[in-house]
Protein chains: 4
Amino acid sequence: MLAAARRVFERDGFLDARITDISAEANMAHGTFYKYFDSKEQVFMEVIERSQEELFAERPSRQSAAETPFERILETNRAYYEAYRRNRALNKVLEAVATFDDTLRQQRVVIRRRYVDRTEKAIRRWQAEGLASPHLDPHYAASSLGSMVDRTIYVWLVLGEDHDPDVGLDTLSRLWVRALGLPEPDPVPPRRKRRRST
Amino acid sequence: MLAAARRVFERDGFLDARITDISAEANMAHGTFYKYFDSKEQVFMEVIERSQEELFAERPSRQSAAETPFERILETNRAYYEAYRRNRALNKVLEAVATFDDTLRQQRVVIRRRYVDRTEKAIRRWQAEGLASPHLDPHYAASSLGSMVDRTIYVWLVLGEDHDPDVGLDTLSRLWVRALGLPEPDPVPPRRKRRRST
Amino acid sequence: MLAAARRVFERDGFLDARITDISAEANMAHGTFYKYFDSKEQVFMEVIERSQEELFAERPSRQSAAETPFERILETNRAYYEAYRRNRALNKVLEAVATFDDTLRQQRVVIRRRYVDRTEKAIRRWQAEGLASPHLDPHYAASSLGSMVDRTIYVWLVLGEDHDPDVGLDTLSRLWVRALGLPEPDPVPPRRKRRRST
Amino acid sequence: MLAAARRVFERDGFLDARITDISAEANMAHGTFYKYFDSKEQVFMEVIERSQEELFAERPSRQSAAETPFERILETNRAYYEAYRRNRALNKVLEAVATFDDTLRQQRVVIRRRYVDRTEKAIRRWQAEGLASPHLDPHYAASSLGSMVDRTIYVWLVLGEDHDPDVGLDTLSRLWVRALGLPEPDPVPPRRKRRRST
DNA sequence: TATGAATGAGTCTTCATTCAT
DNA sequence: TATGAATGAAGACTCATTCAT
């Protein structure tokens, strides 16, 4: 039933999803829906939760070989990109619902704050170590760089902007470290930039 | 009537706005609505259009004293911030509708592309002049930096994240130029960083 | 519409009345119902109110020739009986709804209290004048006699107990005055007691 | 199960009682309900029947010391009051259901008739003995006095009218005998009339 | 005998849209 | 051009009842 709901949300979006469709997708009578959920809002929340859980569950051993900050950033961005891509259809709906549902918006603000706080601390550390520019406000820098990654990937995967993930993520990560003043790696070997459609 | 529609959209959002409310706000019978518009979608489009026109209309003479790239970037970002802020309520709705209305989404993608193309050309120019790092892909850089500005301001003004616009915009613009390798200005004089709520 | 609602309530009772039926009875689409009323509860209240208003409106000049307490009581009881009878079908529904709707129950308790208070005062007056037995508690007497009249007429008109209203009301009123000790009139001339069905 | 049903009816009333709740209250699956009963109506009837049986079962030896009609009436009324009070919650529901369920209404009409008939005979006897006024119609008198007792106790116990049962029942019984002309006992010794809430 | 998942009839309610005046 | 009563499609939700296990 949860799986059916997810399929319908992915297919029709939140607003156009009807209880009847979800039930039908699960080969159930619509009354059955109410045995498991109270409303469309609730089932959506559960679908989202379940999706998050799966995401965390599959997160592999973190024993990465990343040595430099750039490598770690690139790796993080790529992981985010991949996770987002695997749930692209659902994420699209999620972004939409978050624009008009206060509960969900609040929830996302909290998640965002967590990410920003963590990044802010890292920036302070780098500044203390003389790795990052001391002229940048760590909080605003963390917030804006977070937005950059977040939105860039949204534009690629939800708005469907043409892109080659390798080049795109490399550039994105370079911008990230350069903006802070962290060391940038050697240029990537020249390659034919072939953008990839979604 | 158009003004009434705008007020209602700003107050209630798109989904919760009812034709009846718009008519009432305009002191009209709701039947009259259909003399002027065909549907809620259409009137929303017109409200948006009108808003854009006003935005362009008020854009003052561009005789700016900006000399350096940083100054120009900062000025542009500030102008964008101010314009966005003046129409915050409507922009919030606009972002929401764009997540589920294809026409609107398409339209925004086009606007975005224009901005990215312009920035991309500027980056190429800077690279040619030896001002910007040659190792960055101009297209992806333009796209990601655009997303950064765009989303940061959305987070501040729509999601309501605490911020001091002076510090925030300064940091945002610094990140922008630093990411490309453009010259960064001297550090801002120390100031009490007092974040401003929206 | 109100008239249609009344007909449907009278015909089907409150629980079995459907919005659709009311609308159909008024030759309207069911959506139209909501232009005038918010819910079944509300329309019922309005039907009841309207009925009460009509009742008060038709109350004729009170210039009665009643001289003795008995005559006044008899006249009052008869008037109540007639009014109740004219709205019998609606009253039946009203009694039913009052058993499960708190608003309505409260309202009826208030009306009852008003009646009891008035009667209680009359009894005190009669006691002071030496007309009524001094051994009776005026409050409880008023309450119980009120219940007697009330319920007796309900039993006749709603439960449909066979009765001849002339004999019945005469007896009822005799019991009323006798219970208090007020003077009773001469016996009614012998008549064939033919009970009347409702 | 029957006990559970009774508790649920008392708590929620008939209309708001759900089969599921009854089953849950009995720690049973709701499917099991249908092993024992066919419908909500039926289980309610059984609850009522059971309640009646208990009432009769507990009726103690009638060896009362009542000598005068007044004493017998008072004793009867008090017994009725007490029985009604012990089952107040259920009686409240019973009165409600009787307003819209024909079977139940019919049943109650029958019970009422039995009571009225018995009283009617008693009145005739008293009239023959010269104890009661010959000017009263025995049938209507019995009916109305029955209604008086019935309704008064309902008003006290179900509608929750403040009352002191001693004073109230004394007054009620006095009215009863006075209305018929039966001898009334000496006045009760003066007492503080303290009304008792239900 | 007990279970509880599944059913689906039955109603309410909203609101964009039409149209006679 | 303005009105607002009327429309009816669309969907949510409840809960008594069935039935395979």
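All values derive from a computational prediction rather than experimental measurement. Numbered from 1 within each chain, the chains take letters A, B, ... in sequence-line order.
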Within a radius of less than 6.0 Å around CZ of D:Arg50, do more than 12 heavy atoms belonging to other residues, nucleotides or ligands occur? no
Pairing donors with acceptors under 3.5 angstrom, does anything connect the side chains of B:Asn91 and B:Arg86? no
May I ask you to evaluate whether D:Tyr36 reaches the phosphate of E:dT1, defined as a side-chain N or O under 4.0 Å from OP1 or OP2? no
Hey, are A:Glu161 and B:Arg113 close enough for a salt bridge, meaning a charged N less than 4.0 Å from a carboxylate O? no
Can you tell whether the side chains of A:Glu25 and A:Arg18 come within less than 4.0 Å, N to carboxylate O? no
What pairs of residues pass the salt bridge (Lys or Arg N to Asp or Glu O under 4.0 Å) test when at least one of them lies in residues 97-106 of chain D, not counting sequence neighbours? D:Asp102-D:Arg105
Closer than 4.0 Å, any side-chain N/O of D:Thr32 to the OP1 or OP2 of E:dT3? yes
In residues 9-27 of chain D, what residues come within less than 4.0 Å of DNA chain F, judged by heavy atoms? D:Ala17, D:Arg18, D:Ile19
Residue-phosphate contact under 4.0 Å: A:Lys35 side-chain N/O, E:dA5 OP1/OP2: yes
Hey, which of A:Lys92, A:Arg6, A:Glu10, A:Gln52 is the one that makes side chain to side chain contact (heavy atoms under 4.5 Å, CB included) with A:Asn87? A:Arg6
Residue closer to the 5' end of DNA chain E, C:Phe33 versus B:Glu41 (nearest nucleotide): C:Phe33
Name the orientation class of the two ring planes belonging to D:Phe9 and D:Phe14 (parallel below 30°, tilted from 30 to 60°, perpendicular beyond 60°). parallel
Under a cut-off of 3.5 Å for both distances of each Watson-Crick or G-U pair, what dot-bracket string does DNA chain E give, using [ ] for crossing pairs and | for inter-strand pairs? .||||||||||||||||||||
pair D:Glu41-D:Thr103: side-chain heavy atoms closer than 4.5 Å: no
Counting heavy atoms from C-beta on, name the nucleotide in E:dA16, F:dA2, F:dA16 closest to the side chain of B:Tyr34. E:dA16
Whole angstrom is fine here: how far is it from CE in B:Met28 over to P in F:dG4? 11 Å
Do C:His30 and F:dT7 share a donor-acceptor pair, side chain to base, under 3.5 Å? no
